[in-house]
Amino acid sequence: MVSQTIRNMLTSPGGFAETQHGEVRFPEISTPILEKICQYFYWSLQFASGKETEFHIEPELTLELMMAANYLHT
């Protein structure tokens, strides 16, 4: 898993709802941004396995992506 924040939310030994339900919600991150983050996670795994391709980011998404990345610590 690429995001330590998401990993912690799903695997923490505490009584967090995310751990109990196996579901994480990010109401502060818009759907297009969350979709781009998921695409990045997939691209990152492909890149790590030796498949070198470019990851295109639309300029209008850059600021929101940076804020989401900061939140997710990815």
Side-chain angles (χ1 to χ4, degrees):
M1 187 175 295
V2 180
S3 171
Q4 190 64 37
T5 301
I6 295 173
R7 177 183 308 195
N8 289 342
M9 291 172 126
L10 291 172
T11 61
S12 293
F16 296 108
E18 293 87 1
T19 303
Q20 294 172 356
H21 302 291
E23 181 179 279
V24 179
R25 294 178 186 255
F26 298 105
E28 57 280 313
I29 301 176
S30 69
T31 301
I33 297 301
L34 198 52
E35 182 178 6
K36 196 65 163 179
I37 290 168
C38 291
Q39 290 171 358
Y40 172 77
F41 288 163
Y42 178 77
W43 175 86
S44 179
L45 292 172
Q46 295 294 311
F47 187 82
S49 68
K51 184 178 179 185
E52 294 187 25
T53 60
E54 289 187 25
F55 184 74
H56 178 71
I57 298 174
E58 296 80 5
E60 61 272 9
L61 299 180
T62 305
L63 180 60
E64 266 190 278
L65 278 170
M66 287 173 36
M67 292 179 353
N70 184 50
Y71 175 76
L72 295 172
H73 299 264
T74 55

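Scanning all heavy atoms of the two residues, the minimum distance from Glu28 to Tyr71 falls at OE2-OH, 3.5 Å. Closest of all the heavy-atom pairs between Leu72 and Ile37 is CD1-CD1, 3.8 Å.
Distance check: Leu34 CG to Cys38 SG gives 5.0 Å after rounding to the nearest 0.5 Å. Taking OG1 of Thr62 as the reference point, atom CE of Met67 lies at 12.0 Å (rounded to 0.5 Å).
Phe47 is linked by a side chain to side chain contact (heavy atoms under 4.5 Å, CB included) to Trp43, Glu52, counting only residues two or more places apart in sequence or in another chain. With sequence neighbours left out, Thr31 forms a side chain to side chain donor-acceptor pair (under 3.5 Å) with no residue at all.
Inter-residue side-chain proximity for Lys36 and Leu65 is flagged as met; some heavy-atom pair is nearer than 4.5 Å.
Transitive grouping of hydrophobic side chains (ILVMFWY, heavy atoms separated by less than 4.5 Å) keeps Met66 and Ile33 in distinct clusters.
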